[in-house]
Amino acid sequence: DAVVIGHTQLKMLPLSPERQEAFLQSQIDDIVAGLAEMKAQDGNKFTVKEMERTKKNLENQLEKLQSSKKDNTVYFEELGIDKLFVDEAHEFKNLYCATKLQNVSGISSRASQRATELFAKCRYLDEKTGGKGVVFATGTPLSNSVTELHTMMRYLNYDFLASHNNMQNFDNWISAFGVQKKEYELAPAGNKFKERTRIAEYSNLPELMSMFKMVADVKTAETLKL
């Protein structure tokens, strides 16, 4: 049996409060560990403040969840869903990315609520099905940020990443597969040049592609005879 719903309806099928609490707490724990490491290394104040703001936001969500009245909602786990097919999956790419990298162009740390909620459901289905509970469909898995490939792999291949040098952590993943370069760019006002660090290219590309192809079935225009 299949049930077809819109993206906006998916958030109306919440996970149980217990599972949401455990998920939020694990995210808070990750940020606390990252903050401790950054402070020990005397990290960038802006990055520390940004991580603390995200931590505070997650704590507020956790507090709100714990104090909210438990109504008669039917929870996602109670519906018997064992597979999730997500069309236009790129709309969920703004998943929070905790990183110690500072002032690096192309790394997004913005997080959307619906991406976080989908990620929690993906983790539940992975647990239930042994990593075979989620299928993404999109024409643009990568569009403008180096974090997007890592985000897609976190959704679809989280357990594999976690079991290989904790590569679910962006910093570990990018140290293996990204090359940072410093370049001078013209400032927006056009009156001076400023130094910018960006992830300029991928490294160890054969290994990265073989890892991505564990979860990616790529169709080109030639394959589909378009």
Side-chain angles (χ1 to χ4, degrees), residues 2-16 19-28 30-31 50-51 53-55 57-58 60-62 64-65 73 75-77 79 81-99 106-162 167-171 173-174 177-178 199 208 211-219:
V3 180
V4 182
I5 61 172
H7 287 172
T8 51
Q9 291 166 298
L10 184 62
K11 68 178 182 183
M12 297 176 190
L13 304 173
L15 289 164
S16 64
R19 189 170 284 275
Q20 287 185 61
E21 283 178 25
F23 178 75
L24 287 170
Q25 191 59 58
S26 72
Q27 287 194 301
I28 291 167
D30 284 349
I31 291 173
E50 192 175 342
M51 287 175 78
R53 189 162 55 245
T54 305
K55 174 174 168 277
N57 182 33
L58 288 169
N60 289 341
Q61 286 182 48
L62 186 59
K64 187 178 174 183
L65 188 65
T73 305
Y75 296 120
F76 187 79
E77 301 99 304
L79 294 169
I81 294 167
D82 54 13
K83 196 96 169 176
L84 200 56
F85 292 83
V86 185
D87 197 16
E88 304 295 344
H90 53 270
E91 294 190 12
F92 296 91
K93 68 184 179 183
N94 288 331
L95 190 61
Y96 178 69
C97 172
T99 176
I107 293 181
S108 168
S109 58
R110 292 184 302 135
S112 74
Q113 185 66 31
R114 66 177 178 174
T116 305
E117 287 175 0
L118 178 63
F119 184 58
K121 290 181 173 89
C122 290
R123 296 298 301 125
Y124 162 69
L125 288 169
D126 277 348
E127 188 182 305
K128 185 176 178 179
T129 63
K132 297 183 185 298
V134 186
V135 176
F136 275 13
T138 172
T140 50
L142 310 179
S143 53
N144 57 15
S145 167
V146 74
T147 59
E148 290 168 7
L149 180 57
H150 185 248
T151 296
M152 287 290 164
M153 292 175 75
R154 279 169 72 202
Y155 274 121
L156 300 169
N157 211 9
Y158 188 91
D159 291 328
F160 178 84
L161 292 178
M167 280 199 287
Q168 84 285 3
N169 178 299
F170 180 76
D171 292 346
W173 183 82
I174 205 66
F177 298 120
I199 308 295
L208 177 59
M211 217 153 96
F212 185 52
K213 283 181 178 176
M214 290 172 69
V215 292
D217 184 23
V218 181
K219 299 296 180 190

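Both backbone and side-chain heavy atoms feed into the values below; hydrogens, waters and symmetry mates do not. Predicted, not measured: the structure shown is a model, and the values here were computed from it.
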Please report the closest heavy-atom contact between [X] and [Y], naming both atoms and the distance.
| X | Y | result |
| --- | --- | --- |
| M153 | W173 | SD-NE1, 4.1 Å |
| A162 | Q168 | CA-OE1, 3.2 Å |
| N157 | M211 | ND2-O, 3.9 Å |
| M152 | H90 | CE-CA, 4.1 Å |
| Q9 | G6 | OE1-N, 2.6 Å |
| A115 | N94 | CB-O, 3.5 Å |

Walk me through it: do H150 and F177 pass the test ring-ring contact (aromatic ring centres under 6.0 Å, His included)? CA-CA 10 Å; H150 185 248; F177 298 120; 9.7 Å; no
Applying ring-ring contact (aromatic ring centres under 6.0 Å, His included), can you list everything that pairs with Y158, at least two apart in sequence or on another chain? F119
Using the ring-ring contact (aromatic ring centres under 6.0 Å, His included) criterion, which residues pair with F85? Sequence neighbours excluded.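 Checked F85 against ring-ring contact (aromatic ring centres under 6.0 Å, His included); zero matches.
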Residues in side chain to side chain contact (heavy atoms under 4.5 Å, CB included) contact with [X], at least two apart in sequence or another chain:
| X | answer |
| --- | --- |
| L79 | L13, V74, I81 |
| D87 | A137 |
| A216 | F212, V218 |
| Q113 | Q61, E117 |

Within this structure, what is the CZ-CG distance for the pair F76 and L10, rounded to the nearest 0.5 Å? 6.5 Å
In this structure, CG of L84 is separated from OH of Y155 (nearest 0.5 Å) by 11.0 Å
Take atom NZ in K128; do more than 12 heavy atoms of anything else shown fall under 6.0 Å from it? yes
Residues, nucleotides or ligands: over 12 heavy atoms within 6.0 Å of K132 NZ: no
Candidate pair T116 and Y96, rule side-chain contact (heavy atoms from CB on, under 4.5 Å), full reasoning: CA-CA 8 Å; T116 305; Y96 178 69; 5.5 Å; no
According to side chain to side chain donor-acceptor pair (under 3.5 Å), who are the partners of [X], at least two apart in sequence or on a separate chain?
| X | answer |
| --- | --- |
| N169 | none |
| S143 | K93, E148 |
| T129 | none |

Which residues pass the salt bridge (Lys or Arg N to Asp or Glu O under 4.0 Å) test with R154, not counting sequence neighbours?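 Applying salt bridge (Lys or Arg N to Asp or Glu O under 4.0 Å) to R154 gives none.
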Going by the rule salt bridge (Lys or Arg N to Asp or Glu O under 4.0 Å), which residues pair with E77 if we only count those two or more places apart in sequence or in a different chain?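 Partners of E77 by the salt bridge (Lys or Arg N to Asp or Glu O under 4.0 Å) criterion, ordered by chain and then number, come out as R19.
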Is there a side-chain contact (heavy atoms from CB on, under 4.5 Å) between E21 and L15? Walk through the geometry before answering. CA-CA 10 Å; E21 283 178 25; L15 289 164; over 6 Å; no
